[in-house]
Q: 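Here's a structure for you.
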Amino acid sequence: MKTFRVFVPFSFLLCSVLLLVSCTQVKESVDFSTMTSEEIMDYGLKHGAIPFSEFIKPFKIPTSGEAPYSIGSLRDAKLETVKGYDELIKISGDKPQKVIVNGDIDLPSGVYFATVYYATKKVKCQPKEVYTIADSPMCGFDPTEGGASKHRGYAGVMSAGYWKMKTLIYKIEFNVLGQPTNRPYSPCSPNAVQWQYYRGTLN
């Protein structure tokens, strides 16, 4: 019994594989830059996304520990600044959530995948001194407002001998088309956070 071998040109095989891949990986394409705000909202809702303002509403920090003192209650108050963060704690679930950005933050309008974090920082309290919050415009978003506003700031408490601070940061790495963003963190990278606080003794 004779056997026959059929030789198929490599170029034919390669073209067949590329055709198969292209047919199985077709993606829907959309240009958000040509769409109105209403069209972007409709597109996002139809594709399982939620408005960014609704996405961030639940993330309001619970209060704990000792409430911050007012600046007027401190003697010889000193303004201090620390940079960076100790921990980045994910608080919006294990997977990024699909959200509709429509002028909410400094990104082109569109549908993105987002995650919410607490950036935290703590400093050792000096003996007999108390600490309180100072305006921190180079911080993340103020978590005491539940992420519902664009006010930048943090929540701070004295606890277990430390001044502990938390702020909200959003991470948006790519849109629904898989295109990366130039600025994945909003309002700033956790490495760029600057925390300002006062410390001093009580009057």
Side-chain angles (χ1 to χ4, degrees), residues 50-74 76-99 101 104-107 112-174 180-202:
I50 61 174
F52 190 78
S53 58
E54 295 297 320
F55 170 62
I56 62 179
K57 271 185 180 179
F59 304 111
K60 184 173 183 179
I61 191 171
T63 56
S64 61
E66 187 176 346
Y69 294 91
S70 68
I71 181 63
S73 64
L74 302 186
D76 300 326
K78 302 178 183 67
L79 179 64
E80 302 280 359
T81 302
V82 291
K83 299 180 180 180
Y85 70 100
D86 294 329
E87 289 185 279
L88 199 59
I89 304 170
K90 186 186 299 184
I91 60 173
S92 59
D94 294 333
K95 297 180 179 179
Q97 304 295 306
K98 192 184 295 185
V99 299
V101 173
D104 307 271
I105 54 178
D106 187 20
L107 277 177
Y112 296 86
F113 286 91
T115 307
V116 182
Y117 293 89
Y118 283 146
T120 71
K121 186 75 174 177
K122 66 180 182 180
V123 295
K124 182 71 174 176
C125 294
Q126 298 299 312
K128 300 181 180 179
E129 286 191 340
V130 294
Y131 293 66
T132 193
I133 295 170
D135 288 340
S136 298
M138 301 299 290
C139 210
F141 292 114
D142 188 345
T144 64
E145 299 180 11
S149 81
K150 296 181 181 179
H151 178 245
R152 296 177 70 169
Y154 67 90
V157 294
M158 291 180 63
S159 177
Y162 285 90
W163 175 237
K164 298 180 178 181
M165 301 168 283
K166 286 185 179 181
T167 192
L168 278 174
I169 291 179
Y170 313 130
K171 187 176 184 182
I172 304 180
E173 291 191 83
F174 52 91
T181 62
N182 293 328
R183 293 181 56 193
Y185 290 103
S186 182
C188 62
S189 164
N191 291 315
V193 170
Q194 295 186 31
W195 319 76
Q196 297 198 128
Y197 59 91
Y198 290 104
R199 65 181 181 90
T201 56
L202 288 174

Q: If you compare all heavy atoms of Pro143 against all heavy atoms of Gly153, which two are closest, and at what distance to 0.1 Å?
A: CD-O, 4.0 Å
Q: Between Tyr198 and Ala77, what is the shortest heavy-atom contact and its length?
A: CD2-CB, 4.3 Å
Q: Just by distance, do the side chain of Gln196 and the backbone of Ser136 share a donor-acceptor pair under 3.5 Å?
A: no
Q: Measure the spacing between CZ of Phe55 and OH of Tyr112 and express it to the nearest 0.5 Å.
A: 14.5 Å
Q: Mind checking the CD-CD spacing from Glu54 to Gln97? Nearest 0.5 Å is all I need.
A: 14.0 Å
Q: For residues Asp86 and Lys122, report the shortest heavy-atom separation together with the two atoms involved.
A: OD2-N, 2.9 Å
Q: Where do Cys188 and Val193 come nearest, in terms of heavy atoms and distance?
A: SG-CG2, 3.9 Å
Q: Taking all heavy atoms of Val116 and all of Ser92, pick out the closest pair and write down the distance.
A: N-OG, 2.9 Å
Q: Nearest 0.5 Å please: distance from the CH2 atom of Trp195 over to the NZ atom of Lys166.
A: 10.0 Å
Q: Mind running side-chain contact (heavy atoms from CB on, under 4.5 Å) on Val82 and Lys121 for me, showing each step along the way?
A: CA-CA 9 Å; Val82 291; Lys121 186 75 174 177; 4.1 Å; yes
Q: Which value, rounded to the nearest 0.5 Å, describes the distance between Arg199 atom CZ and Glu80 atom CD?
A: 4.5 Å
Q: Set out, in order, the CA-CA distance, both residues' side-chain angles and the distance that settles side-chain contact (heavy atoms from CB on, under 4.5 Å) for Met165 and Cys139, then state yes or no.
A: CA-CA 11 Å; Met165 301 168 283; Cys139 210; over 6 Å; no
Q: Does the side chain of Tyr85 reach to within under 4.5 Å of the side chain of Asn191, using non-hydrogen atoms?
A: yes
Q: If you count heavy atoms of other groups shown closer than 6.0 angstrom to NZ of Lys78, is the number above 12?
A: yes
Q: For the atom pair CG (Leu79) and OH (Tyr197), what is the distance rounded to the nearest 0.5 Å?
A: 9.5 Å
Q: For Leu202 and Leu74, run side-chain contact (heavy atoms from CB on, under 4.5 Å): C-alpha distance rounded to whole Å, both residues' side-chain angles, the deciding distance at 0.1 Å, then the answer.
A: CA-CA 5 Å; Leu202 288 174; Leu74 302 186; 4.2 Å; yes
Q: Among residues at least two apart in sequence or on other chains, which ones pass side-chain hydrogen bond (donor to acceptor under 3.5 Å, both in side chains) with Ser189?
A: none
Q: So with a 6.0 Å cut-off around NZ of Lys124, is the heavy-atom count from everything else above 12?
A: yes
Q: So, Thr167 side chain and Ala119 main chain: donor-acceptor pair closer than 3.5 Å or not?
A: no
Q: Give the ring-plane orientation class for Tyr131 versus Trp163, where under 30° counts as parallel, over 60° as perpendicular and anything between as tilted.
A: parallel
Q: Out of Tyr185, Tyr117, Tyr118, Phe52, which one pairs with Tyr170 under the ring-ring contact (aromatic ring centres under 6.0 Å, His included) rule?
A: Phe52
Q: Measure the spacing between OG1 of Thr144 and CG of Leu168 and express it to the nearest 0.5 Å.
A: 9.0 Å
